[in-house]
Amino acid sequence: MPQTVPASDQPADAEILGERELARLQWRCRRGLLENDIFITRFFERYGPRMTRAQAQAVDTLMDLPDNDLLDLLLRRKEPEPAWAGAEVAAVLELMRPPGDKKPAA
């Protein structure tokens, strides 16, 4: 039987968000473009209940972007800049993007 790490021994960013924190994050994620809202709503439906603090921070970073820049990232028109987007932001962005949708060949 695999052992689980006690919650007190887990890094703080690996903790699962509580319901209240998740609700606040979802409220923060409301966007002006319907297309962004659709991507974000689907993301929360799939991954919200088990979202970690690190993932929540990555979502928060993405929400700092203007709507059109966020949409370009979600539609793979652009890739995130390494200067502001770390590995966790890139991972969350992949989860938000449509499944099976790959970057178009140039």
Side-chain angles (χ1 to χ4, degrees):
M1 178 182 292
Q3 294 183 2
T4 58
V5 178
S8 61
D9 292 342
Q10 290 180 352
D13 62 354
E15 284 181 34
I16 302 296
L17 289 183
E19 286 182 41
R20 190 173 197 162
E21 293 168 305
L22 183 60
R24 281 189 193 137
L25 183 61
Q26 285 177 296
W27 182 258
R28 159 115 166 77
C29 290
R30 293 178 52 179
R31 307 302 291 194
L33 285 177
L34 175 62
E35 293 86 348
N36 285 340
D37 279 337
I38 291 169
F39 284 113
I40 293 165
T41 298
R42 287 180 183 163
F43 169 77
F44 277 107
E45 287 171 355
R46 288 184 194 132
Y47 305 104
R50 56 184 191 270
M51 187 181 298
T52 65
R53 292 188 187 283
Q55 290 170 323
Q57 181 59 48
V59 169
D60 198 52
T61 298
L62 288 168
M63 293 306 111
D64 286 339
L65 295 171
D67 280 342
N68 289 326
D69 291 342
L70 178 59
L71 185 61
D72 285 344
L73 289 171
L74 291 170
L75 294 176
R76 297 180 194 277
R77 294 178 191 156
K78 294 188 327 187
E79 290 300 319
E81 296 292 326
W84 62 266
E88 196 69 44
V89 170
V92 165
L93 181 59
E94 279 304 311
L95 295 175
M96 284 184 174
R97 288 174 165 169
D101 203 16
K102 299 298 175 202
K103 188 173 182 172

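Positions are given from 1 along the sequence. What's counted below: heavy atoms across the whole structure, side chains too, no hydrogens, waters or symmetry copies.
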Exercise. Would you find a donor on one side and an acceptor on the other, under 3.5 Å apart, between the side chain of Arg31 and the backbone of Met63?
Worked result: yes

For this session: Might you point out which heavy atoms bring Pro49 and Phe44 nearest each other, and give the distance in Å?
Result: CD-O, 3.8 Å

Exercise. Rounded to the nearest 0.5 Å, how far apart are CG of Asp67 and CG of Asp72?
Worked result: 11.0 Å

Problem set entry | Leu22 side, atom CG; Met51 side, atom CE - distance, nearest 0.5 Å | 6.0 Å

Exercise. Just how far is it from atom CG of Leu93 to atom CG of Leu73, taken to the nearest 0.5 Å?
Worked result: 5.5 Å

Exercise. Ile38: which other cluster members, linking ILVMFWY side chains closer than 4.5 Å, directly or transitively?
Worked result: Leu34

For this session: Sequence neighbours left out, what passes salt bridge (Lys or Arg N to Asp or Glu O under 4.0 Å) with Asp37? Give chain and number order.
Result: none

Exercise. Got a sec, which pairs hit side-chain hydrogen bond (donor to acceptor under 3.5 Å, both in side chains) with one end in residues 17-27, sequence neighbours left out?
Worked result: Glu21-Arg53

Exercise. Which heavy-atom pair separates Ile16 from Arg50 by the least distance, and what is that distance?
Worked result: CD1-O, 3.3 Å

Problem set entry | Residues which pass side-chain hydrogen bond (donor to acceptor under 3.5 Å, both in side chains) with Asp60, listed by chain and number, not counting sequence neighbours | Arg28

Exercise. Rounded to the nearest 0.5 Å, how far apart are CG of Leu74 and CD of Glu35?
Worked result: 10.5 Å

For this session: Taking ring pair (Phe, Tyr, Trp, His ring centres under 6.0 Å) as the test, write out the residues that go with Phe43, two or more places apart.
Result: Tyr47

Exercise. If we only count heavy atoms from C-beta on, is the Thr61 to Glu88 side-chain gap below 4.5 Å?
Worked result: no

For this session: List in chain and number order the residues that pass side chain to side chain contact (heavy atoms under 4.5 Å, CB included) with Asn68, two or more places apart in sequence or in another chain; answer none if no residue qualifies.
Result: Leu33

For this session: Output the distance between atom OG1 (Thr41) and atom CZ (Arg46), rounded to the nearest 0.5 Å.
Result: 11.0 Å

Exercise. Which atom names give the shortest non-hydrogen contact between Arg76 and Pro98, and what distance separates them?
Worked result: NH2-O, 4.2 Å

Exercise. Could you give the distance from CD1 (Ile40) to CD (Glu45), rounded to the nearest 0.5 Å?
Worked result: 12.5 Å

For this session: Output all residues satisfying side-chain hydrogen bond (donor to acceptor under 3.5 Å, both in side chains) with Arg42, sequence neighbours left out; order by chain, then residue number.
Result: none

